[in-house]
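The structure appears below as structure tokens.
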Amino acid sequence: DYSQEIEKLLIPYDLKGSAFNPVSLLESTNQAAIKMARHLFLQALRKLDYDFKNQIGRSKRYYIKHQRERTIITTIGVITYRRCEYISRYNNKPYCHVDKYLGIGKRQRYGNDICALVYERYADSNSMIKVGKEIGLRISGLLLSKNRYNYQIPRQTIHNILNRIKPIEPLIERVKETPSVLYIMADEKYLSLQQRKNHHKNKVEVKLVVIFEGKEKVTTKASQTKVYKPNKRFKYLNKYYFTSIKPNIFEDILNVIDHRYDVTKIKKIILMGDGAKWIKAGVPILKSESIDCEFHLDLFHCLQALNRIFKDKGYYQMAYNYLINDAKEDLFKLIDIYLTNNPHLTEVITNNRNYLNNNYDYAIKMIKENIVGCAMEQAISHALASPFSSVAKAYNINSLDRYIKARVSLLNDYDLTYTYLMATMHSKNDSSESIKLTDNTHDYSIFDRSSDKSEYPININDFNRNNIYRF
């Protein structure tokens, strides 16, 4: 019978009816549920601590140093619990069973549920202050009280949580069907670094690659007819984003393709971009005895070069028609005539003329052979430019690698909460630069009784069905 509790939830309320009534009721109900959740959580921790303390054979491995309270902040609010701290008889190292169960470090104030939320939200917003406010409101569970702002997480704490673990590389899932033709778009974005070089601004080149299998029309549902109709927009099929600050990105792209696809079924790879040397250098790397690879120029940059050359719309339209109809001689004659009439634009016209001349054949391939187009400018704007450089910011080079990998994982539809929690299980002694969830590098030394390197040695044979913790 919850009649008394319901009466408490309804006090006070406005008899005349108000928009505050449902909000106040929701807040009171939420606080009651959170209070009950905290109570159950504490009871579970007490049982966990009690069972380990009274476990058969525990005194042979650990002796009790003292009991101490600890406070952590979780999604159900602030939790203060009391637990035993032990000293190992094997290596004299401290051990706390409850803390180990919760997976929290010595000076960690926020639970892993909060840390995972921080990782997920920052990948989407890229504002530490906003993430701290948003998660702080969730911790409070309040809607009307002014105290709801008391749990805001400081910006520096958000930064520490994000940089607590190495960059995460999630598991690359294999697709069900492998296409015969694979499309790859590539471009780069320069982001500012905090470290200055020779008293000048220093930037890092972040390379972005998008792998996809084709395109299809985007359909919209009419409200009255309930019939799906195609519109002018289209979307790429099975997009997969990959980014890196390393110079040789296409070696990693080969690894991604090998994990995602059956390479024996791929006959051709079409690489697209703005014509940069590092992009064209990917053609011989991606090409093999059974897979052909060719480069197509993104027409955005080709038309941009024409627009920079011709300030007159009439000339521009003539040049555009020559390009579309593959009239190369007529196009470059028109450019030379325009250069003669506009000597003050010599440098601009010459640079763009050379660009068109070097990439003309690739542009024609895009016009005549390519059926999917290249939307790399939109992709790099959405993936990197908008979150990382729309507001003036400078990054630490090591932190930036973490941020862009989290951003790309979000775009690839990974569950970032699950990804972060899986990453925390990896060994801290791993010397690699990043955490690869494809590798079996979990730290199972906790179960090794004879290992001197183990920080928390437990003999798994001492556990039986009666000692397994169930909640």
Side-chain angles (χ1 to χ4, degrees), residues 116-135 153 155 158-159 161-163 167-170 183-195 201-212 215 218 231-246 249 252-253 256 272-276 278-279 298-301 303-304 307 372-417 419-420:
L117 280 176
V118 168
Y119 184 78
E120 179 180 317
R121 294 305 307 140
Y122 185 71
D124 195 23
S125 66
N126 194 35
S127 172
M128 296 183 183
I129 296 176
K130 290 181 180 179
V131 170
K133 288 181 179 179
E134 179 182 340
I135 298 179
I153 304 176
R155 179 189 177 278
I158 297 291
H159 175 272
I161 290 173
L162 292 171
N163 289 273
I168 305 173
E169 298 182 13
Y183 300 90
I184 299 178
M185 301 186 299
D187 203 354
E188 73 281 343
K189 177 65 182 177
Y190 287 90
L191 298 177
S192 299
L193 297 178
Q194 294 174 347
Q195 298 85 351
K201 290 184 179 180
N202 190 17
K203 293 189 176 184
V204 63
E205 182 185 42
V206 181
K207 296 180 175 67
L208 178 69
V209 171
V210 183
I211 306 171
F212 61 99
K215 71 174 183 179
V218 176
N231 58 23
K232 295 181 180 180
R233 299 181 61 192
F234 66 89
K235 64 178 181 180
Y236 290 137
L237 299 175
N238 292 334
K239 289 183 297 182
Y240 189 88
Y241 293 82
F242 185 85
T243 185
S244 177
I245 58 177
K246 298 178 181 179
I249 191 173
D252 295 326
I253 293 301
V256 172
M272 298 174 286
D274 58 5
W278 71 268
I279 300 177
D298 183 359
L299 287 183
F300 169 82
H301 297 278
L303 299 179
Q304 185 182 59
N307 190 51
V372 297
C374 181
M376 192 59 206
E377 292 301 313
Q378 296 90 318
I380 204 163
S381 175
H382 176 60
L384 296 178
S386 179
F388 291 104
S389 61
S390 59
V391 179
K393 289 183 180 181
Y395 300 89
N396 178 280
I397 184 65
N398 296 322
S399 299
L400 181 61
D401 193 26
R402 292 176 172 87
Y403 302 158
I404 60 176
K405 279 185 169 57
R407 175 65 179 173
V408 166
S409 296
L410 178 71
L411 296 176
N412 288 332
D413 294 327
Y414 284 106
D415 185 341
L416 294 193
T417 299
T419 299
Y420 181 89

For the residue pair Arg402 and Asn163, establish whether any side-chain heavy-atom pair is separated by less than 4.5 Å. yes
Beyond-backbone contact of Tyr122 with Ile161, side-chain heavy atoms, under 4.5 angstrom: no
Is a donor from one side chain sitting under 3.5 angstrom from an acceptor on the other, for Asp415 and Tyr420? no
Quick one: are Ile211 and Phe242 in side-chain contact, heavy atoms under 4.5 Å? no
For Asn412 and Tyr240, run side chain to side chain contact (heavy atoms under 4.5 Å, CB included): C-alpha distance rounded to whole Å, both residues' side-chain angles, the deciding distance at 0.1 Å, then the answer. CA-CA 6 Å; Asn412 288 332; Tyr240 189 88; 3.7 Å; yes
At their closest point, which heavy atom of Val131 faces which heavy atom of Ser125, and how far apart are they? CG2-OG, 3.3 Å
Quick one: CG on Leu384 to CG on Leu208, what's the gap to the nearest 0.5 Å? 5.0 Å
Note, Met128 side chain near His159 side chain (heavy atom, < 4.5 Å): yes
Reported CD1-to-NZ distance for the pair Ile380 and Lys207, which is rounded to 0.5 angstrom: 11.0 Å
When rounded to the nearest 0.5 Å, the distance separating CD of Glu120 from OG1 of Thr417 is 3.5 Å
Would you say Lys393 has more than 12 foreign heavy atoms packed within less than 6.0 Å of its NZ? yes
Report yes if some heavy atom in the side chain of Asp252 is under 4.5 Å from a heavy atom in the side chain of Val209; otherwise report no. no
Tell me whether Lys203 forms a cation-pi arrangement with Tyr190, defined as NZ or CZ under 6.0 Å from the six-membered ring centre and within 45 degrees of its axis. no
Look up atom NZ in Lys246 and atom CG in Asp401, then write down how far apart they are to the nearest 0.5 Å. 8.0 Å
Compare all side-chain heavy atoms of Asp124 with those of Leu416 and state whether any distance is below 4.5 angstrom. no
Side chain to side chain contact (heavy atoms under 4.5 Å, CB included) for Leu411 and His382? Distances and angles first, verdict last. CA-CA 10 Å; Leu411 296 176; His382 176 60; 3.6 Å; yes
Taking the side chain as every heavy atom from C-beta outward, state whether Val372 and Phe234 have any pair of such atoms under 4.5 Å apart. no
Flag, side chain of Arg407 to backbone of Ala383, donor-acceptor distance under 3.5 Å: yes
Are any side-chain N or O atoms of Asp298 and backbone N or O atoms of Asp274, one a donor and one an acceptor, separated by less than 3.5 Å? no
What distance separates Gln378 CD from Ser386 OG, expressed to the nearest 0.5 Å? 13.5 Å
Within a 6.0 Å radius of atom CD1 on Ile397, are there more than 12 heavy atoms belonging to other residues, nucleotides or ligands? yes
Shortest non-hydrogen contact from Val218 to Lys235? CG2-N, 3.9 Å
What's the shortest heavy-atom distance between Ala379 and Val210, and which atoms? CB-CG2, 4.2 Å
Is Ser389 reaching over with its side chain to a backbone N or O of Ala385, donor-acceptor style, under 3.5 angstrom? yes
Examine distances only and state if a side-chain atom of Tyr236 and a backbone atom of Ala375 form a donor-acceptor pair shorter than 3.5 Å. yes
Check: Ser409 side chain, Lys405 main-chain N or O, donor-acceptor pair, under 3.5 Å: yes
Show the nearest heavy-atom pair for residues Ala186 and Ile279, with the distance to one decimal. O-CD1, 3.3 Å
Which atom pair, heavy atoms only, marks the closest approach of Ile404 to Thr243? O-CG2, 3.8 Å
Under 30°, 30 to 60°, or over 60°: which ring-plane class applies to Phe388 and Tyr395, parallel, tilted or perpendicular? perpendicular
Closest approach of Ala276 to Glu188 (non-hydrogen atoms, all atoms of both residues): CB-OE1, 4.5 Å
Under the side chain to side chain contact (heavy atoms under 4.5 Å, CB included) criterion, do Val118 and Leu162 qualify, and how do the steps go? CA-CA 7 Å; Val118 168; Leu162 292 171; 4.0 Å; yes
Evaluate the side chain to side chain contact (heavy atoms under 4.5 Å, CB included) criterion for residues Glu377 and His301: first the C-alpha distance (whole Å), next the side-chain angles of each, then the deciding distance (0.1 Å), finally the verdict. CA-CA 10 Å; Glu377 292 301 313; His301 297 278; 2.9 Å; yes
CD1 of Ile184 to CZ of Phe212, rounded to nearest 0.5 Å, is 9.5 Å
